[in-house]
Participant: 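What follows is a structure written as structure tokens; I'll ask about it next.
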Amino acid sequence: MSNIGLIIEERAADIGNFLVGRLLPFREKRAVGPFVFLDHMGPAQLKDYQNLDVPPHPHIGLSTLTYLFEGAILHRDSVGTEMEITPGAVNWMTAGKGVVHSERTPEYLRTTDKSLHGLQIWVALPKEKENIDPSFVHVEAKDIPEWQQDNVTVKLIAGEAFGKKSPVPVYSPLYLIEIKSTAKALLNIGKDLFGESALYILEGEITNDGHTYASKQILVAKESSLCQFEMSENCTVYIFGGEPFPEEHFIYWNFVHSDKAVIEKAKQDWIDQKFPKIPNETEFVPLPQPRIR
């Protein structure tokens with residue numbers, strides 16, 4: 001019997017002057033463990049006059065994780081951070097009670113042709129941590145645990161698994177794992193996973209229980225402990241998940257919280273421009289009008 005409980009196809013989403021592939025949230029699956037949002041950026045080839053410019057916008061109640069395959073993004077936030085992220089590194093911003101940040105093409109790339117490709121991820125905070133002070137941590141690519149296992153290369157981008165721990169400072173039991181193959185490989189890693197689990201196929205194909213699945217799909221497992229699959233050659237997958245929270249978390253725009261009243265206050269605070277400011281940034285993204293979901 002197949003262990004796949006749900007298949008989610010990548011869907012196009014417009015984030016302003018850039019199209020992304022939206023994977024989470026999904027109407028039938030709002031979260032996988034504490035993971036509540038996953039965007040696949042690119043791959044995009046940008047001309048010398050095209051740049052990523054996401055003006056200042058707010059977050060509450062979550063941590064954001066940015067992980068690039070190609071290109072560079074300059075992150076600025078209201079904590080005072082100014083940090084460029086490049087492929088293989090991790091930007092981990094915890095919003096807590098409220099933070100504002102922008103994401104832009106670095107100045108030295110703005111008049112040249114360039115590429116951009118990566119993942120943007122939101123991780124909800126546990127109830128007791130939702131209103132902590134905002135913070136930012138950058139982890140260099142060389143500090144992410146990486147090893148060979150079962151003829152594949154494994155990276156533990158965040159969380160704990162396989163008896164190892166990433167230096168990314170997460171707030172609840174979770175894992176985000178990158179696995180790359182150069183030849184066909186059979187993996188049986190369920191014993192190293194826990195909670196809810198999903199697998200995102202970035203490139204290549206995987207086979208499970210006689211069925212083959214291609215890139216740009218998320219496969220949500222019925223039971224993480226039964227996770228086993230065969231990877232094609234030159235395949236890259238991301239396995240993510242962890243312990244789900246006992247309480248529901250709501251999402252409105254960039255706000256995630258277990259208390260709808262806190263989200264309503266954040267909405268009004270953003271309209272009234274009461275959030276902290278980013279040094280040397282004057283633009284901002286207006287509050288849209290979707291419903292809490």
Side-chain angles (χ1 to χ4, degrees), residues 3 5-6 8 23-26 29-40 59-68 85 88-96 99 118-132 134-139 141 143-147 149 154-179 187 189-202 218-227 236-251 254 256-258:
N3 186 39
L6 179 66
I8 302 174
L23 289 150
L24 279 180
F26 184 64
K29 189 65 178 174
R30 291 297 179 191
V32 177
F35 291 81
V36 295
F37 179 95
L38 175 59
D39 264 2
H40 175 207
H59 290 284
I60 65 167
L62 55 76
S63 294
T64 64
L65 188 155
T66 303
Y67 185 75
L68 296 183
I85 184 171
V90 170
N91 273 3
W92 176 261
M93 182 185 72
T94 297
V99 75
L119 297 176
Q120 292 269 23
I121 295 169
W122 296 357
V123 181
L125 292 171
K127 190 171 185 177
E128 67 275 12
K129 299 287 188 181
E130 286 179 302
N131 300 313
I132 61 176
S135 61
F136 178 89
V137 174
H138 176 84
V139 179
D143 297 321
I144 300 295
E146 180 178 350
W147 66 97
Q149 175 178 322
V154 183
K155 285 185 183 180
L156 181 59
I157 298 170
E160 296 186 51
F162 306 100
K164 302 178 188 295
K165 184 176 182 178
S166 166
V168 175
V170 302
Y171 292 94
S172 66
L174 61 85
Y175 45 84
L176 173 60
I177 304 159
E178 176 189 86
I179 304 179
L187 284 85
I189 60 172
K191 66 183 184 302
D192 296 298
L193 306 180
F194 57 86
E196 297 181 333
S197 187
L199 182 153
Y200 172 53
I201 308 167
L202 176 70
I218 285 181
L219 310 180
V220 181
K222 294 177 184 175
E223 174 53 60
S224 62
S225 65
L226 301 178
C227 184
T236 302
V237 302
Y238 292 86
I239 297 173
F240 62 96
E243 297 295 347
F245 298 130
E247 64 281 329
E248 183 177 3
H249 282 63
F250 305 99
I251 302 176
N254 302 316
V256 176
H257 210 279
S258 62

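From a predicted model like this one, the values you see are computed outputs, not experimental measurements.
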Participant: Apply side-chain contact (heavy atoms from CB on, under 4.5 Å) to Ile179 and Ile189, showing your working.
Facilitator: CA-CA 11 Å; Ile179 304 179; Ile189 60 172; 4.2 Å; yes
Participant: Would you mind reporting whether Leu62 and Val36 have side-chain heavy atoms less than 4.5 Å apart?
Facilitator: no
Participant: Decide side-chain contact (heavy atoms from CB on, under 4.5 Å) for Val139 and Trp92; before the verdict, give the C-alpha distance in whole Å, the side-chain angles of both, and the deciding distance to 0.1 Å.
Facilitator: CA-CA 8 Å; Val139 179; Trp92 176 261; over 6 Å; no
Participant: Can you run down the side-chain hydrogen bond (donor to acceptor under 3.5 Å, both in side chains) pairs that involve residues 168-178, sequence neighbours left out, and say none if there aren't any?
Facilitator: Tyr67-Glu178, Tyr175-Ser197, Glu178-Tyr238
Participant: How would you list, by chain and number, every residue that makes a side chain to side chain donor-acceptor pair (under 3.5 Å) with Asp143, sequence neighbours excluded?
Facilitator: none
Participant: If you take all heavy atoms of Ala31 and Glu196, which pair is closest and at what distance?
Facilitator: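 Result for this residue pair: O-OE1, 3.7 Å.
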Participant: In this structure, which one of Asn131, Ile251, Leu125 forms a side chain to side chain contact (heavy atoms under 4.5 Å, CB included) with His257?
Facilitator: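 The side chain to side chain contact (heavy atoms under 4.5 Å, CB included) with His257 is passed solely by Asn131 among Asn131, Ile251, Leu125.
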Participant: Is the shortest heavy-atom distance from the side chain of Pro167 to the side chain of Pro145 under 4.5 Å?
Facilitator: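 The answer is yes; the side chains approach within 4.5 Å.
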Participant: For the residue pair Phe37 and Thr64, establish whether any side-chain heavy-atom pair is separated by less than 4.5 Å.
Facilitator: no
Participant: Minimum heavy-atom separation for Leu174 to Phe194, with atom names?
Facilitator: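 Leu174 and Phe194 have their closest heavy atoms at N-CZ, 3.7 Å.
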Participant: Give the C-alpha distance, both sets of side-chain angles, the deciding distance and a yes or no for side-chain contact (heavy atoms from CB on, under 4.5 Å) between Leu119 and Leu38.
Facilitator: CA-CA 7 Å; Leu119 297 176; Leu38 175 59; 4.2 Å; yes
Participant: For residues Gln149 and Leu187, determine if any side-chain heavy atom of one lies less than 4.5 Å from a side-chain heavy atom of the other.
Facilitator: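 Of all side-chain heavy-atom pairs linking Leu187 with Gln149, none is under 4.5 Å.
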Participant: Look only at the side chain of Ser166 and the backbone of Ile157, and say whether a donor-acceptor pair between them is shorter than 3.5 Å.
Facilitator: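 Checked: pair present.
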Participant: Just to verify, which of Asp192, Leu199, Val154, Val237 counts as forming a side chain to side chain contact (heavy atoms under 4.5 Å, CB included) with Ile177?
Facilitator: Val154
Participant: Given Leu193 and Ile239, is the side-chain contact (heavy atoms from CB on, under 4.5 Å) satisfied, shown in steps?
Facilitator: CA-CA 9 Å; Leu193 306 180; Ile239 297 173; 4.1 Å; yes
Participant: How long is the span from the CG atom in Asn91 to the OG1 atom in Thr66, to the nearest 0.5 Å?
Facilitator: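 Answer rounded to 0.5 Å: 5.5 Å.
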Participant: Among all residues two or more places apart in sequence or in another chain, which pass the ring pair (Phe, Tyr, Trp, His ring centres under 6.0 Å) test with His59?
Facilitator: His57, His101, Trp122
Participant: Quick one, Val90 and Leu65 - any side-chain contact, counting heavy atoms below 4.5 Å?
Facilitator: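 The answer is yes; the side chains approach within 4.5 Å.
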Participant: Identify the two heavy atoms, one from Ser258 and one from Glu247, that lie closest to each other, and give their separation to 0.1 Å.
Facilitator: CB-CG, 3.9 Å
